[in-house]
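Notes to accompany the following structure.
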Amino acid sequence: MKPFHHALKIDKELCIGCTHCMKVCPTQALRVVEGKAELLANRCVDCGECFRACPVSAIRIEEDDFAEIFEYKHRIALVPSVLISQFPEGLPPEQIYSTLLEIGFTDVFEVEHSVDLLKEEMVNHQHNLKKEQKPAISTFCPAIVRLIQVKFPSLTQNLMLLKPPFDIAAIYYRKQLEDKGIDKEDIGLFYITPCAAKIAAVKSPVGEKQHLINGVINIDSLYNKLLHKIKNNKSTTCRVPVENNLSPTGILWSLTKGESSVMPGRNLAIDGIQNVMEFLEKLEKEEVSGIDFLELRACDESCAGGVLNVNNRFLTVEKMEQRAEDLRNDKRTKPEDPMNRHAEFIIKKMKLVEPIRPRSIEKLDEDMMKAMEKMQERSELMKVLPLFDCGGCGAPSCMSLAEDIVHGKASMDDCVFIQSMKVYEGAEDKEDAKKRLEKIWGKDRINTYRHKK
Ligand code: SF4
Ligand code: SF4
C-alpha cells in the first residue's frame with residue numbers, strides 16, 4: 001500500500017519540544033526525539049489536533065503555491081460553503097466571488113451543489129446494505145476515514161463507498177468544461193480547504209486511483225489575499241451573479257447534523273475526534289446496536305471548526321444557518337441546478353472504485369507468528385513500566401514506549417523512572433543517564449535546565 005501523504009509538517013527550528021502536540025494526538029503519532037517533535041507517518045490521520053495545540057506555531061499545514069493556478073488556462077476555484085461565512089458581516093457572496101476572479105480564477109463553484117444528487121445515492125446505498133454492514137458510516141470527513149483505517153480496521157466495511165461533495169464537484173466541473181471542447185490539460189481545479197485532512201485526501205486519495213483536483217489552497221492564506229483586495233477595491237460592482245440555487249441542505253451539509261438530518265432510520269451525528277473515538281470503541285466492542293447511519297466528523301462543529309478557518313466556529317455556524325434560512329424564505333423561482341443536466345454521468349462516477357482497506361497500527365507485525373511474539377513481549381514490558389503515562393521518555397504513554405521497544409526504536413532505559421532507579425541502585429553511571437536524557441530532550445535543553453538549577 002502506498003504511504004499516506006501528510007499535510008502537516010513540523011518545523012524543527014521552531015519546535016521547543018513541549019509535548020503539547022504529543023499529548024493531544026488521538027493516534028499516538030508523535031514522539032519527542034532530541035528535544036524535537038517527530039511524526040510517525042503510518043499513524044497520523046491529519047486531524048490537525050497537534051496544529052491547534054502547538055503554542056509556538058511549529059506545525060504548519062502545507063498548501064500548493066497559489067501561482068500554480070496560472071499554469072492552466074481555465075482556473076476553477078472549488079469552494080466549500082464555509083468560505084463565505086469567514087468574512088465580515090455585510091459582505092455579499094457576489095463580492096467574495098468577484099474578488100476570487102480578480103485574483104486569478106476564471107470560475108468559482110460551490111462544491112455543495114453536489115449534495116442533492118449525493119443525498120439520493122446515500123439513501124439508496126443504505127437501503128441495500130446487509131445487516132453486518134450497518135451502521136453505514138459516512139466518508140465525508142477524510143480524517144475519520146483514515147482514523148477508521150488505522151485504529152478501527154474492522155469497521156472499514158461499514159464505510160459508504162461514495163465520494164464526498166468536493167470530489168463530486170470536481171467530476172462535474174471537469175465534465176462540463178470538457179464537453180465544451182476544452183482541452184483536459186487546460187483545466188486546473190483548485191479546492192479551497194478548511195482543514196488539513198482534505199489536502200491529504202487530494203494528495204493520496206483513498207478508494208480511488210487518482211484525484212481530479214489539481215491543487216489545494218488553504219482558507220486562511222486565501223482569506224488574507226481576498227480581504228486585502230476587497231479593502232483596497234473602491235468599486236462595489238460584482239462581476240459574478242451568484243445563482244441562488246444552492247439548496248439549504250447543501251449549505252448546511254458540512255455542519256454537524258448536515259448529513260444525518262436527511263438520512264432515514266436511526267442516525268447519529270458525532271463531532272470532535274475524541275467523541276468519535278469513544279463511540280467507535282463502543283461500536284467495535286458491539287456495545288451499541290440498532291443504528292442505521294453514522295455521521296462522524298473530526299472537528300468540533302464539523303467543517304465550521306476546521307483548523308484553517310479564520311472565523312470563530314460558532315459564529316460560522318450561525319452565519320451558515322442564516323444563509324440557509326434566507327434561501328428557504330426566498331420565494332423567487334430558482335434556476336435548475338446545473339449538475340442535474342449531468343446527473344446520470346455523475347451518479348455513476350460518485351462511487352469509490354476501490355474498497356477502503358484497513359491499515360491497522362495495532363498490528364505489531366505482518367507475520368502472524370512474529371506479531372504474537374511481539375504482543376507477548378509488549379505485555380511483559382507493560383508489567384515493568386510504571387504506567388504513569390508521563391511522557392518523560394518522549395512517547396505519549398507507557399504502551400507507546402513498549403511498542404517502540406518491540407519495534408527496536410526505543411529502549412527500556414528511556415523510561416525516566418527505570419533510569420532513576422538504576423542510578424539510585426548504582427546500576428547506571430550518572431553520565432550515561434544524562435546522555436540518555438539528552439537523546440530524548442536534546443543537549444541544549446538539558447544544559448539549560450542544569451544552568452537554571
Ligand atoms: S494531525 Fe492528528 S493524527 Fe496527525 S500527528 Fe497531528 S494530532 Fe496526531
Ligand atoms: S507542540 Fe509539538 S511541535 Fe509544537 S513546540 Fe511543542 S513539541 Fe514542538
Side-chain angles (χ1 to χ4, degrees), residues 3-63 141-153 193-204 206 216 218 220 271-278 280 296-300 302-303 305-309 359-362 389-397 399-400 403-404 409 437-442 444-446 448-449:
F4 278 149
H5 174 96
H6 296 293
L8 288 117
K9 307 285 168 211
I10 299 165
D11 186 333
K12 299 249 165 141
E13 292 295 315
L14 296 178
C15 175
I16 52 169
C18 65
T19 75
H20 290 195
C21 55
M22 188 176 88
K23 287 181 188 144
V24 297
C25 176
T27 56
Q28 293 82 43
L30 289 151
R31 302 288 182 273
V32 175
V33 180
E34 292 187 25
K36 306 286 174 185
E38 263 188 26
L39 187 79
L40 304 182
N42 62 332
R43 288 184 160 262
C44 173
V45 298
D46 287 84
C47 66
E49 290 299 306
C50 54
F51 175 84
R52 286 185 219 273
C54 181
V56 293
S57 305
I59 301 178
R60 59 185 173 78
I61 298 177
E62 213 184 32
E63 65 180 326
C141 174
I144 296 297
V145 173
R146 285 188 173 192
L147 179 76
I148 290 175
Q149 284 185 288
V150 301
K151 265 199 97 82
F152 304 94
T193 184
C195 73
K198 294 210 172 73
I199 305 175
V202 169
K203 305 291 176 185
S204 53
V206 173
V216 192
N218 297 351
D220 56 353
D271 61 9
I273 198 150
Q274 294 300 343
N275 298 333
V276 169
M277 294 217 325
E278 192 188 316
L280 291 181
L296 306 175
R297 310 281 177 84
C299 295
D300 180 23
S302 297
C303 288
V307 289
L308 294 167
N309 286 341
R359 304 175 67 129
S360 177
I361 49 173
E362 313 297 333
D389 294 339
C390 66
C393 58
S397 64
M399 178 64 99
S400 310
E403 282 175 8
D404 291 351
K409 292 179 187 155
L437 278 181
E438 284 174 356
K439 197 185 104 208
I440 302 166
W441 297 106
D444 292 349
R445 195 159 186 192
I446 299 297
T448 313
Y449 181 68

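Quantities reported herein were computed from a predicted structural model and do not represent experimental measurements. Atoms within each ligand, like the ligands themselves, are counted from 1 in listed order. Both backbone and side-chain heavy atoms feed into the values below; hydrogens, waters and symmetry mates do not. Count residues from 1 along the sequence.
- When atom types are taken as modelled, the side chain of Trp441 and the backbone of Gly392 share a donor-acceptor pair closer than 3.5 angstrom.
- The heavy-atom pair separating Leu437 from Ile446 by the smallest distance is CB-CD1, 3.9 Å.
- Close approach to Leu8 involves these atoms of ligand 1, each under 4.0 Å from a residue heavy atom: 1 (S).
- Taking a cut-off of under 4.0 Å to the non-hydrogen atoms of Asp46, the atoms of ligand 1 that pass are 1 (S), 4 (Fe).
- Of all atoms in ligand 1, numbered sequentially from 1 with element shown, those under 4.0 Å from a heavy atom of Pro26 are 7 (S).
- Here the closest heavy-atom approach between residue Gln149 and residue Phe4 is recorded as OE1-CZ, 3.7 Å.
- Counting atoms of ligand 1 from 1 in the listed order, those under 4.0 Å from a heavy atom of Val45 are 3 (S), 4 (Fe).
- Every salt bridge (charged side-chain N to carboxylate O under 4.0 Å, His left out) that Glu38 has, sequence neighbours left out, goes to Lys12.
- Shortest non-hydrogen contact noted between Cys50 and Cys21 is CB-CB, 3.6 Å.
- With atom 3 (S) of ligand 2 as the reference point, the heavy atom nearest to it among Ile59, Leu14, Val24, Val32 is part of Ile59.
- With Thr27 as reference, Val45 is the one residue of Leu40, Asn42, Val45 to meet the side chain to side chain contact (heavy atoms under 4.5 Å, CB included) rule.
- Contact annotation: the side chain of Leu147 never approaches that of Leu296 to less than 4.5 Å [non-hydrogen atoms, C-beta and beyond].
- When each atom of ligand 1 is checked for a heavy atom of Leu39 under 4.0 Å away, the hits are 5 (S).
- Across every non-hydrogen atom of Glu13 and Lys36, the tightest pair is O-NZ, 4.3 Å.
- Interface atoms of ligand 1 facing Leu30, defined by a heavy-atom separation under 4.0 Å, are 5 (S).
- Neighbouring protein atoms of atom 6 (Fe) of ligand 2 (N, O or S, distance under 2.8 Å, waters ignored): Cys18 SG.
- Between Cys44 and Ala29, the shortest heavy-atom distance links the atoms N-CB, 3.7 Å.
- Residue contact check: Thr27 has heavy atoms under 4.0 Å from atoms 3 (S) of ligand 1.
- Counting heavy atoms from C-beta outward, Val24 and Phe51 have side chains that stay 4.5 Å or more apart.
- The local environment of CG in Asn275 is crowded, with over 12 non-hydrogen atoms from other residues, nucleotides or ligands closer than 6.0 Å.
- Those atoms of ligand 1 that come under 4.0 Å of a heavy atom in Cys25, given as number and element, are 3 (S), 5 (S), 7 (S), 8 (Fe).
- Among protein heavy atoms, the minimum distance from atom 6 (Fe) of ligand 1 is reached at Cys50 SG, 2.3 Å.
- Counting non-hydrogen atoms of other residues, nucleotides and ligands closer than 6.0 Å to CD of Glu438 gives a total above 12.
- Atom 4 (Fe) of ligand 1 has as its closest protein heavy atom Cys44 SG, 2.4 Å.
- With a cut-off of 2.8 Å, atom 8 (Fe) of ligand 1 has no N, O or S atom of Cys47 in range.
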